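Working notes, beginning with the structure itself.
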Amino acid sequence: LAVIFVALICGSVIGQTSSQFVAAGLPLLGAVISLHLGGFLLGYTVPRLLGNKEGVCRTVSIETGMQNSALGVVLATRNFPDPLTALPCAISATCHSVIGSTFAAFWRMQKSEGEGGPAKKSTEQGDAA
């Protein structure tokens, strides 16, 4: 339900400012994508350098890369009369949702260290008995 509301809010802002978005296009999109990719990368790398397990690194990466830009959209539209103030936040919310979902889906297909721990061991022990 939350995803639907975020999509509607962001779609509304982007729809109201579509001509300005097309004019700002690539530089704005590039900045927003770079911001979130940097968040995902740092969110993964720092815990890894600190010796955390893969699952922790992935979780921190998702949490860092997917900051709540939808809140920025709501605050900007409520506090500033110009709808352009909410455009970067709307683009950001859309980008971090797409990038975060992509990483989550990719990592879900990958095995992380420590996966299948106790359940796998108890099955192996049962097979040996």
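Predicted model only: the values in this text are computed from it and were never measured.
With hydrogens and angles ignored, the 3.5 Å screen pairs no side-chain donor or acceptor of Thr17 with any backbone N or O of Leu87. Under the 3.5 Å distance criterion, the side-chain polar atoms of Arg58 are left unmatched by any main-chain donor or acceptor of Tyr44. Looking at Asn52, its side chain never comes within 3.5 Å of a backbone N or O of Cys57 through a donor-acceptor pair. In this structure a side-chain-to-backbone donor-acceptor pair under 3.5 Å is present from Thr64 to Val60.
Remark: Ser92 pairs with His36, Ser69 by the side-chain hydrogen bond (donor to acceptor under 3.5 Å, both in side chains) rule, at least two apart or across chains. Checked against side chain to side chain contact (heavy atoms under 4.5 Å, CB included), Thr94 has the following partners two or more places apart in sequence or in another chain: Cys10, Ile14.
Heavy atoms from other residues, nucleotides or ligands lying under 6.0 Å from CG of Leu26 number 12 at most.
A distance of 13.0 Å separates NZ of Lys53 from OG1 of Thr59, quoted to the nearest 0.5 Å. To the nearest 0.5 Å, atom NE2 of residue His96 and atom SG of residue Cys89 are 9.5 Å apart. Summarising the geometry, atom CZ belonging to Arg48 is positioned 12.0 Å from atom OG belonging to Ser61; distances are rounded to the nearest 0.5 Å.
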Could you list the donor-acceptor pairs under 3.5 angstrom formed between side-chain atoms of residues 28-35 and any protein atom two or more places apart in sequence or on another chain?
unit_1: Ser34; atom_1: OG; unit_2: Gly30; atom_2: O; d: 2.8

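Listed here is the closest heavy atom pair of Ile99 and Phe40: CG2-CE1, 3.2 Å. Between Ser97 and Ala93, the shortest heavy-atom distance links the atoms OG-O, 2.9 Å.
Hydrophobic clustering (side-chain heavy atoms under 4.5 Å, transitive across Ile, Leu, Val, Met, Phe, Trp, Tyr) keeps Val22 apart from Val13. Residues Val56 and Phe103 fall into different hydrophobic clusters, defined by Ile, Leu, Val, Met, Phe, Trp and Tyr side chains chained together at heavy-atom separations under 4.5 Å.
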